[in-house]
Every structure is written in C-alpha cells, then in structure tokens.
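In what follows, chains carry the letters A, B, and so on, assigned in the order in which the sequence lines appear, proteins first and then strands, with residues in each chain numbered from 1.
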Protein chains: 2
Amino acid sequence: MPTIIDVAKTAGVSKSTVSRVLTDNGYVSKESRKKVLSAMEEIGYIPNILARQFQSGVTKTIGFIAPSYMNTMGKFLQVFMETAKKYGYFVNLYLTSEDKQKEIEALNQMKFKQIDGIFILTRTNEWEVIKKFSQYGPISTWNRIEEDWIYSSYFDHYEGYLKALNYLYNQGYRQFGHVLGNSQNLNTKARLKALHEFHQNKGLKLDDEWLIQESSLYDDGKLIGEKWIDSKSKPDVLAFYSDYIAAQFISRIEEKGFKSPENIGVLGFDNSEISELMHLTTVDYSIEKQAYNSFIYLYNQLNEENIAEKKLTTKIIKRKTIVNRT
Amino acid sequence: MPTIIDVAKTAGVSKSTVSRVLTDNGYVSKESRKKVLSAMEEIGYIPNILARQFQSGVTKTIGFIAPSYMNTMGKFLQVFMETAKKYGYFVNLYLTSEDKQKEIEALNQMKFKQIDGIFILTRTNEWEVIKKFSQYGPISTWNRIEEDWIYSSYFDHYEGYLKALNYLYNQGYRQFGHVLGNSQNLNTKARLKALHEFHQNKGLKLDDEWLIQESSLYDDGKLIGEKWIDSKSKPDVLAFYSDYIAAQFISRIEEKGFKSPENIGVLGFDNSEISELMHLTTVDYSIEKQAYNSFIYLYNQLNEENIAEKKLTTKIIKRKTIVNRT
DNA sequence: CTGTTAGCGCCTTCAG
DNA sequence: CTGAAGGCGCTAACAG
C-alpha cells in the first residue's frame with residue numbers, strides 16, 4: 001500500500017504538499033497539484049483511513065442502538081443508513097437484547113472514540129444513565145424526550161392519535177380499547193392525553209380494563225389476544241401503538257377462530273411491512289423523514305452545519321381491519 | 001484523555017511496560033503489573049482504540065452486506081452480531097439496495113482497511129467481481145458456492161427440500177408447485193435436483209407452469225398469488241424457498257377471498273418471525289447456527305485459529321397452512 | 001524482566 | 001507557495 005511519502009517521491013515534492021492537496025488545505029501551486037494528482041494516479045495511492053481517523057480523532061461513524069431486530073426498524077434503518085452514507089458516514093449497529101449492560105457498552109464506544117455520535121431507537125437504560133454519555137458526543141433518539149442534551153425527531157403522537165381515533169369514530173366504532181407502550185415515554189403520555197380528551201369530547205366511557213399500558217414489543221400482542229378472548233367486556237375496536245403488536249394480536253385470536261374486522265376492529269401504527277402483509281389498517285407518520293432528521297441532527301452537531309430537517313406528516317392507511325359500521 | 005505515557009509516569013515505569021500489561025504480551029513482574037493496573041485505575045485510563053487500529057492495521061470490524069433490511073435477516077444478523085461481539089469484533093452493516101455500485105463500495109472498505117472481513121447475505125454483483133476483493137481479506141456468505149476463495153456456511157437444500165416434499169406427500173398432497181430463487185444459486189440447483197428426483201420417484205407429473213424460478217424477495221409473492229388466482233391448473237400445494245414470499249402469496253390470495261390451507265397448501269422456508277405470525281407451516285434449518293458459523297469462519301481466518309463450527313439440522317415446523325388430507 | 005527506540009500514515013505548525 | 005519537523009497513542013523489536 002503506497003503512502004503519501006511514495007506519492008511525494010514520485011511527484012518530486014514533499015509529503016506536506018501531498019497532504020495539502022489531499023486535504024485541500026493551504027496553498028498549493030497548480031503545477032504541484034497536478035504533479036501530485038498524477039503521481040497518486042500512477043502508483044494507485046489510497047489514503048489510509050485508519051491513519052486519518054487516528055490523526056483526527058474522528059471515525060465518521062455513527063452508532064445505531066436498538067434492543068433487537070425489530071420489524072418496525074427496517075425502513076428506519078435503511079433511510080438512516082442511506083442518509084449517513086450520503087454524508088460520508090458509516091453506521092455501526094448495536095443490538096442490545098434489552099440488556100442494560102450491552103447498551104452501556106455501546107454507549108461507551110463513543111467515549112472510546114470508536115463512534116462520533118449515537119442514535120437510540122429504543123432505550124433500555126434510564127435516560128439519566130444515558131445522559132452521562134452525552135458529554136462524549138451528540139445523541140439523538142426516536143422516542144420523544146424534551147431535554148437539551150438529546151435530540152428527538154418525534155412525531156406528534158397527540159395529534160396523530162386523535163386523528164386516528166376520530167377516524168375510528170367516524171367509521172362507527174364506539175367501544176374503544178387502547179394498547180400503549182412504556183408509560184414513561186412521552187409518546188405514550190401524548191397518546192394518553194389524546195385518548196382522554198377524545199373519550200370526554202365524544203361522551204364515550206373509557207373502559208379501564210382496555211387501557212393497556214407497558215406492553216413491550218416482544219409478545220405482548222399474543223397476551224393481549226388471550227386477554228381479549230377471555231374477556232367478558234370486549235371492545236369493538238383496539239388501537240395499538242405498533243403494527244407488530246397488532247399483528248401478534250390478530251395472529252393469536254385467529255388461532256382461536258376469531259377474526260378482524262368481523263369480531264373486532266384493529267388499528268395498527270407505523271405502516272410497516274407486516275401491516276401490509278396482514279392487511280392491517282394503520283397510521284403512516286413518515287418514518288423515513290424521522291430517520292432522515294435523526295441523522296441530520298447528528299451531522300449538524302458534528303460538523304457545525306445547519307442542514308434543514310424535513311417536516312413530518314400523518315396519514316391513515318385504509319386496509320382491512322377497520323370497516324365502516326354505520 | 002490520559003495515554004499510556006501518563007499511566008507510565010504515575011506508575012513509575014516505562015510506557016513499554018504499560019503496553020505489555022495492556023497486550024498481555026511479554027514478561028512483566030507482578031509488582032510492575034500491579035503498579036500499572038492501579039495507575040490506570042487511578043487516572044481513569046482508557047486505551048485509544050483508534051491508535052491501536054492504526055498501529056495494528058486492523059479494525060476488528062466485519063462488514064455485513066445485504067441488499068436491504070429483509071425480514072429473514074433479523075435472526076441471522078442478531079446471532080452474527082452477538083457472536084462477533086463475543087469475540088471482540090464490531091459489525092458494520094451495508095445495505096446495498098441491490099445497487100451493484102453500492103456493493104462495490106462496501107467491498108472496497110476492506111481494501112481500504114476499514115473492515116477486516118466481509119459477510120455477504122445475498123450478493124448483487126457476480127461472484128467473479130466479488131472474487132477480486134478476496135485478496136484483501138476473508139469473505140463468507142450465506143449462499144451456497146463451492147470455491148476456495150470464499151466460505152459458505154450452507155445448509156444442504158437438497159436433503160432439506162426432499163424431506164419437506166416427502167412430508168407434504170405424506171400429508172396427502174399430490175399436485176406440487178415450486179417457487180425457487182435465482183437459478184444461478186447453488187441452493188436453487190440443489191432444490192431443483194431434489195424436486196426432480198422426488199417427482200420421478202413418486203411418479204408425480206411436474207407441471208412446468210408451477211416450477212417458478214428467479215423469484216426475488218421483493219414482491220414476487222404477490223405476483224405469484226395473482227398467477228395462481230388466474231390459473232386454470234391450480235396445484236394443491238406450493239412450496240416456497242422463503243417464508244417472506246410465501247407470506248406475500250397468502251396475503252394476496254386472501255385479498256381475493258382465497259385461503260390457505262382450504263384452497264391451497266403453503267409451505268414456507270426459514271421459520272422466520274413472519275411465518276409464526278401468519279401461521280405458516282415452514283422449515284427450520286438452524287439459521288442461528290449458520291450465522292454462528294459464518295462469523296467463526298471469518299474469525300478463524302483472521303486470527304489463524306480453528307474454532308469448530310456447529311452442525312446444521314432441519315426440522316419441519318407444523319402450523320396451519322398444511323393439513324393432513326388423507 | 002525492563003527501558004529505549006523506531007516507526008505506523010497523516011496532518012499541521014513553523015520557518016523559509 | 002513549499003519543505004522540514006514534530007506529534008497523535010500505541011506496539012514491537014532490540015539491547016541491556
């Protein structure tokens with residue numbers, strides 16, 4: 001592997017000059033530049049990235065932390081990585097299996113200068129713990145959180161959920177069930193606010209049995225399916241905070257001979273691949289743009305630039321698990 | 001950030017001694033070691049990975065190339081990454097969108113010493129093109145290929161498929177349809193051999209219309225669904241080479257009011273998450289072990305070790321899309 | 001067993 | 001505008 005010294009020799013200049021043309025930094029005469037360029041060409045010079053990283057203390061890679069391979073994650077990751085590549089960054093994936101220690105290890109990579117910034121799809125440790133790492137570089141997340149040490153490209157779940165519930169109402173549904181995630185999560189809080197307002201405004205009673213919180217992405221959809229089968233007060237529609245859980249729910253009740261929309265309306269959330277396959281009516285809230293924004297934030301921080309973010313929008317994707325009952 | 005020099009000073013030894021305890025290389029007296037260790041503790045020393053990488057010319061990271069974030073990929077990636085981490089390696093994901101140029105760029109990372117080895121889930125370029133990069137480091141893949149410059153942790157699709165077909169036969173199915181992938185792929189060839197033998201042995205006619213090849217992971221399942229709906233000579237069972245395509249197929253025929261297993265038996269392949277959600281009968285062929293083996297091969301190559309691989313096994317996962325018709 | 005020394009490849013002052 | 005020189009943090013001979 002030729003180095004700048006080799007280039008310098010064959011170009012008949014000093015290595016500093018070569019370095020200058022490489023970094024486009026400082027003055028280089030046209031002739032020198034030309035000589036250097038053709039010398040590089042001639043001997044097939046390729047800059048040693050390792051040396052550069054070492055020298056600059058920067059890796060041009062971003063860590064992407066997620067608890068596990070999730071269905072929802074596909075589109076997000078793809079866009080995030082494409083954007084990163086476009087701006088000259090690599091992406092390191094860390095799958096934590098919801099193991100706090102593993103998440104810490106990933107976070108530590110930034111401390112060790114192994115990555116320049118971090119994106120967290122879904123955290124495992126408390127924010128308080130994560131916060132400590134923000135001194136080593138920028139962090140962004142998908143969860144909604146309003147603190148200044150972290151960026152959140154969040155979608156307004158209050159408005160989005162309200163819109164979805166109104167849609168269900170207009171389709172003739174009256175007995176609502178809600179499946180929400182982690183109650184600490186600001187998205188969950190926003191949804192909670194939306195649904196309380198909604199029930200109040202429409203004069204609809206809220207059945208506590210069917211206000212389900214803290215469901216995780218593992219197999220809670222199945223458990224909820226069982227709960228629904230056994231329940232005496234079945235809601236006529238269930239609004240989930242994630243397609244994946246909704247899919248598990250349907251999958252489970254189908255095993256027992258029930259069906260959506262015949263026996264219960266189901267509304268997913270995410271417009272993920274699985275929702276298409278299983279004909280789930282769902283809510284699209286421009287995941288792609290969130291992924292873009294999440295990277296752009298990190299990029300802006302890292303490079304002191306100010307590239308604009310994209311504005312998010314919502315749309316209800318009508319498929320088969322919600323019907324008009326009026 | 002303290003360096004080994006700082007450690008050396010506070011421990012009252014030379015930096016080489018510090019380096020020795022760090023790398024566990026060469027002799028260090030117990031006392032020196034203890035002094036160094038406590039000095040590191042005291043000043044909060046963390047090795048600079050960038051410097052190490054630069055110095056050794058090695059990044060301890062493996063590139064993982066895939067066309068996109070596929071459903072099937074989840075389990076594989078998870079195990080691959082866990083194994084990698086266990087052995088002190090990072091994983092860099094490259095999503096190529098089936099763009100040859102992007103794949104080349106990823107391959108190039110090894111030339112530029114950005115990664116030490118490469119795993120290819122599904123290639124986009126021809127093997128001939130990829131082969132050139134094997135001079136820069138080890139490459140392994142999931143596809144079956146028998147050449148010495150690349151390792152393939154392949155599952156024996158000949159036996160696996162034969163086993164699956166026999167199972168279907170025993171359940172009473174007689175008119176078979178087969179959906180296979182890329183015909184260049186050795187896995188496809190193995191399956192082709194298996195199915196020909198199977199049809200011959202059982203005296204079953206093979207309907208050319210239902211020997212489908214070259215189907216890609218995008219949305220061919222849907223197209224096949226339409227084909228099936230329109231066809232006059234419908235097979236009574238369709239064996240797919242991937243759960244995902246099978247899922248798309250079922251999804252599409254359901255839209256038109258058909259169902260599996262009532263109207264057609266469906267056999268998936270992979271035992272992926274989606275197959276569980278959609279109650280697909282499928283074939284499990286220990287993806288986890290393949291992921292493990294794929295990494296281990298690279299590790300062995302890179303470190304001149306000889307860790308044993310795991311043996312692969314097959315199992316038919318009985319769910320709902322195949323029934324006993326006898 | 002330990003210290004000295006010489007790089008790894010690149011970038012960045014600092015003189016000229 | 002250009003060359004010389006120093007340094008980033010660490011490892012690996014090489015003497016002692």
When the nearest nucleotide of DNA chain C is assigned to Gln55(B) and to Val13(B) on a heavy-atom basis, which residue is associated with the more 5' position? Val13(B)
Between Leu121(A) and Leu77(A), is a side-chain contact (heavy atoms from CB on, under 4.5 Å) present by the stated rule, with each step listed? CA-CA 9 Å; Leu121(A) 222 220; Leu77(A) 182 59; over 6 Å; no
Ala51(B) vs Lys15(A), nearer the 5' end of DNA chain D by closest nucleotide: Lys15(A)
Can you tell me the distance, in whole Å, between the CG atom of Leu22(A) and the C1' atom of dC11(C)? 10 Å
Counting only side-chain N and O atoms of Thr17(B), is one of them less than 4.0 Å from OP1 or OP2 of dG3(C)? yes
Checking side-chain polar atoms at under 3.5 Å, does Glu309(B) have a donor or acceptor matched by the opposite partner on Tyr151(B)? yes
Measuring to OP1 and OP2 of dT11(D), would you say a side-chain N or O of Asn25(B) lies under 4.0 angstrom away? no
Should Arg52(A) be listed as having a side-chain N or O under 4.0 Å from OP1 or OP2 of dC11(C)? yes
In this structure, which one of Phe76(A), Tyr89(A), Phe64(A) forms a ring pair (Phe, Tyr, Trp, His ring centres under 6.0 Å) with Phe295(A)? Tyr89(A)
What's the CD1-P distance between Ile4(A) and dT2(D), to the nearest Å? 15 Å
Whole Å only: how far is the CD1 atom of Ile46(A) from the C1' atom of dC10(C)? 16 Å
So what does Val18(B) touch, heavy atoms closer than 4.0 Å: a base, only the sugar-phosphate, or nothing? nothing
Verify the distance criterion only: is there a donor paired with an acceptor across the side chains of Tyr87(A) and Glu305(A) at less than 3.5 Å? no
Atom CZ of Arg33(A) to atom P of dC1(D): distance rounded to whole Å? 10 Å
Under 4.0 angstrom, heavy atoms only, what part of the nucleic acid is Ser16(A) near: base, sugar-phosphate, or nothing? base
By the 4.0 Å heavy-atom rule, please label Thr23(B) as base, sugar-phosphate, or nothing. sugar-phosphate
Answer with yes or no whether Ser19(B) presents, from its side chain, a donor or acceptor under 3.5 Å of a partner atom in the base of dA12(D). no
Within the 4.0 Å heavy-atom criterion, would you say Ser32(B) contacts the bases, only the backbone, or no part of the nucleic acid? sugar-phosphate
Could you go through Lys310(B) and Asn293(B), starting from their C-alpha distance and side-chain angles, then the distance that decides it, and tell me whether this counts as side-chain contact (heavy atoms from CB on, under 4.5 Å)? CA-CA 6 Å; Lys310(B) 291 185 179 168; Asn293(B) 288 352; 3.8 Å; yes
Any side-chain N or O of Asn48(A) under 4.0 Å from OP1/OP2 of dC8(C)? no
Between atom CE in Met40(A) and atom P in dC10(C), what is the gap in whole Å? 11 Å
Which of these nucleotides, dG9(D), dC14(C), dT11(D), is closest to any side-chain atom of Thr3(B)? dG9(D)
Figure out the CD1/C1' separation between Ile5(B) and dT11(D), and round it to whole Å. 13 Å
Nearest-Å distance for atom pair OH/P, residues Tyr27(B) and dG3(C): 17 Å
What's the CZ-C1' distance between Phe54(A) and dT12(C), to the nearest Å? 14 Å
